[in-house]
Amino acid sequence: MQNITILGSTGSIGTSTLDVVARHPEKFKIVALTANSQTDLLFRQCQQFKPDYAVMLDATAAAALRQRVRDAGLATEILSGAAALEQVVVFPHVDTVMAAIVGAAGLRPTLAAAHAGKKILLANKETLVMAGNVFMDALHASGAVLLPIDSEHNAIFQALPRGYNGDLAGNGVRRILLTASGGPFRNTPLSELHNVTPEQACAHPNWVMGRKISVDSASMMNKGLEVIEAHWLFNASADDIQVVIHPQSVIHSLVEYVDGSVLAQLGNPDMRTPIAYGLAYPERIDAGVAPLDLFKVATMNFVAPDFERFPCLSLAYQALRVAGTAPAVLNAANEVAVAAFLDNQIAFLHIPRVIAAVLDALPVSKITCLDDVLVADAEARRTAQQQIQKSSR
Ligand code: NAD
Ligand code: MG
């Protein structure tokens, strides 16, 4: 029996994880579920999965949940606050942590899982973007196992040799081909991009996801963050990683070897596949995903990315090359800009402008510990807010 804590259980990845878990009650036991403030859904999840603990970040929401859990006669203990997120990760009887909180809020609890030597199913790419070296060091020191859940990185993980040691060249790998759907605005005339709404940006053609990552997909910042994520996961340089637009989202990424072989992982665009892979690794279990019908897919297309249409992608490559605090600054500025766009404070095309201005304004320094990351993150958020005030005036 594998004991699991799910960070962000009410989100898109969290609910997909519980869907897979529910198909295999003999294999998985839920120790803890956590959410920001969605009391109704977390209560229903407590009823179905009977976790030992449930955490609500928000104290008022936690009090409401505590009452409902008590009234329903459930034994689940309700905790609240950011420290509780770390607490339910490090319990000795927790084997596996699904890191599926969105954004920088996921960093501390995911890092706690790395320090505690857990098996980590990593959906929260922001952890690696912000604090890649700190996280990887913690992982190596504790012997924690890291399995990428982001579909592209899961595909690359599957296409690399088993037990890959971080040496691309030594394993005969020429490069990594990171696929991208191109999002909802792949073909939108550039003149119309300025006026697109949050609803249009969140209407992804192939994937149903949370709002932040949906906007990231529309701006292709998601792919930029994924390039940085791939850098840390596979010890790949910016030059080793080629982004390929593949609108059908059937090939989830590829690895090109020096002998000309190109290995790919294919499947329907359904996050339950990488989630089930991570949960069962190194075995395979049913994920509830429909078999891929290649006759229905019929054709697959591949196009080079348009860096003019998607400046966020260039900004991310640039931040990766600069290194140090630059990726953390990029991530923080992006989170603030995306929140402002979702709140109708700035236009879609202002997102990359805010990020570029913040990257320009802040000096880059080395990251040696978590504090360096948090300082850079806070400074970038402040600077991004100032930029947003300016552009909305
Ligand atoms: P989501 O918005 O649907 O869910 C986010 C979850 O985090 C919710 O449970 C929410 O309650 C919780 N949360 C939000 N803010 C919090 C805070 N401040 N403190 C504690 N908990 C908080 O997001 P999602 O689409 O499931 O994405 C989660 C992560 O997985 C992101 O990092 C995203 O980049 C990554 N990811 C998602 C997908 C996808 O298909 N959705 C694919 C690849 C990677
Ligand atoms: Mg992805």
Can you tell me how far the OG atom of Ser16 sits from the CE atom of Met271, to the nearest 0.5 Å?
7.5 Å
Beyond-backbone contact of Lys366 with Asp372, side-chain heavy atoms, under 4.5 angstrom
no
Please check if the side chain of Ser261 supplies one atom and the backbone of Tyr257 the other of a donor-acceptor pair under 3.5 Å.
no
Can a donor-acceptor pair be found, under 3.5 Å and without considering hydrogens, that links the side chain of Gln200 to the backbone of Thr197?
yes
Considering all heavy atoms, the nearest Pro184-Ala203 contact
CB-O, 3.5 Å
I need the Asn331 CG to Leu107 CG distance, nearest 0.5 Å.
9.5 Å
Any donor and acceptor pair, going by atom type alone, linking the side chain of Gln242 with main-chain N or O of Arg175 inside 3.5 Å?
no
Nearest 0.5 Å, please: how far is OG1 in Thr127 from CD1 in Ile120?
9.0 Å
Does a side-chain N-to-carboxylate-O contact under 4.0 Å join Glu126 and Lys212?
yes
According to the interplanar angle, ranging from 0 to 90°, do the rings of His350 and His194 count as parallel (below 30°), tilted (30 to 60°) or perpendicular (above 60°)?
perpendicular
Could you tell me which non-hydrogen atom of Pro327 sits nearest to which non-hydrogen atom of Ile228, and how far apart they are?
CB-CD1, 4.2 Å
Start with the C-alpha gap between Gln387 and Arg353, add the side-chain angles, then the distance that decides, and say whether side chain to side chain contact (heavy atoms under 4.5 Å, CB included) holds.
CA-CA 9 Å; Gln387 285 299 328; Arg353 289 189 211 162; over 6 Å; no
When you measure from the side chain of Thr325 to the backbone N and O of Ser365, does any donor-acceptor pair fall under 3.5 Å?
yes
Can you find a heavy atom in the side chain of Val173 that is under 4.5 Å from one in the side chain of Phe234?
no
Leu41 side, atom CG; Leu65 side, atom CG - distance, nearest 0.5 Å:
10.5 Å
Considering all heavy atoms, the nearest Ala104-Arg381 contact
CB-NH2, 3.3 Å
Between Asp240 (side chain only) and Ile176 (backbone N and O only), is there a donor and an acceptor less than 3.5 Å apart?
no
Between Arg211 and Pro198, is there a side-chain heavy-atom distance shorter than 4.5 Å?
yes
Please examine the side chains of Trp232 and Val129, heavy atoms only from C-beta on, and report whether any two atoms are closer than 4.5 Å.
no
Can you tell if the side chain of Leu111 reaches within under 4.5 Å of the side chain of Met130, non-hydrogen atoms only?
no
Does the pair Asp40/Arg68 count as a salt bridge with the N-to-O cut at 4.0 Å?
yes
Can you get from Phe307 to Phe185 by hopping between Ile, Leu, Val, Met, Phe, Trp and Tyr side chains that sit under 4.5 Å apart?
yes
Test log, rule side chain to side chain contact (heavy atoms under 4.5 Å, CB included), inputs Ile30 and Gln48:
CA-CA 10 Å; Ile30 299 295; Gln48 187 180 352; over 6 Å; no
Not counting sequence neighbours, which residues clear salt bridge (charged side-chain N to carboxylate O under 4.0 Å, His left out) with Lys119? List them please.
none
Compare all side-chain heavy atoms of Leu33 with those of Leu18 and state whether any distance is below 4.5 angstrom.
yes
Which pair of heavy atoms, one from Cys369 and one from Val134, lies closest together, and at what distance?
C-CG2, 3.9 Å
Any chance you could measure Thr10, atom OG1, to Ile101, atom CD1, to the nearest 0.5 Å?
9.5 Å
Could you tell me whether the side chain of Leu330 reaches within less than 4.5 Å of the side chain of Met221, counting heavy atoms only?
yes
In the structure I gave you, are the side-chain heavy atoms of Ile13 and Thr17 within less than 4.5 Å of one another anywhere?
yes
Report all side-chain donor-acceptor pairs from residues 150-163 shorter than 3.5 Å, counting only partners two or more places apart or in another chain.
{"unit_1": "Asp150", "atom_1": "OD1", "unit_2": "Lys125", "atom_2": "NZ", "d": "3.4"}
{"unit_1": "Asp150", "atom_1": "OD2", "unit_2": "Lys125", "atom_2": "NZ", "d": "2.9"}
{"unit_1": "Glu152", "atom_1": "OE2", "unit_2": "Lys223", "atom_2": "NZ", "d": "2.8"}
{"unit_1": "His153", "atom_1": "ND1", "unit_2": "Glu229", "atom_2": "OE1", "d": "3.3"}
{"unit_1": "His153", "atom_1": "NE2", "unit_2": "Glu226", "atom_2": "O", "d": "2.9"}
{"unit_1": "His153", "atom_1": "NE2", "unit_2": "Glu229", "atom_2": "OE1", "d": "3.2"}
{"unit_1": "Asn154", "atom_1": "OD1", "unit_2": "Gln158", "atom_2": "NE2", "d": "2.8"}
{"unit_1": "Asn154", "atom_1": "ND2", "unit_2": "Pro148", "atom_2": "O", "d": "2.8"}
{"unit_1": "Gln158", "atom_1": "OE1", "unit_2": "Arg284", "atom_2": "NH1", "d": "3.2"}
{"unit_1": "Gln158", "atom_1": "OE1", "unit_2": "Arg284", "atom_2": "NH2", "d": "3.0"}

Could you walk me through whether Thr34 and Val89 pass the side chain to side chain contact (heavy atoms under 4.5 Å, CB included) test, one step at a time?
CA-CA 10 Å; Thr34 86; Val89 156; over 6 Å; no
Please work out which of the three classes, parallel, tilted or perpendicular, describes the rings of His24 and Phe28, given edges at 30° and 60°.
perpendicular
Stepwise side chain to side chain contact (heavy atoms under 4.5 Å, CB included) check, Ile351 with Ile346:
CA-CA 8 Å; Ile351 296 172; Ile346 60 169; 4.2 Å; yes
Between Thr76 (side chain) and Pro51 (backbone), is there a donor-acceptor pair under 3.5 Å?
yes
Backbone N/O of Ala99 and side chain of Asn124: donor-acceptor pair under 3.5 Å
no
For Val364 and Ala326 the tightest heavy-atom approach is CG1-N, 4.2 Å
Atom CG in Leu128, atom NE2 in His231: separation rounded to 0.5 Å?
9.5 Å
Ala100 and Gly14: which non-hydrogen atoms are nearest, and at how many Å?
CB-N, 4.3 Å
Arg272 CZ: over 12 foreign heavy atoms closer than 6.0 Å
yes
Judged by atom type as modelled, is there a donor-acceptor pair below 3.5 Å linking the side chain of Asn268 to the main-chain atoms of Ala290?
yes
His246 side-chain N/O to Asn301 backbone N/O, donor-acceptor pair under 3.5 Å:
yes
Kindly say whether Asp58 contributes a backbone atom to a donor-acceptor pair with the side chain of Ser80 at under 3.5 angstrom?
no
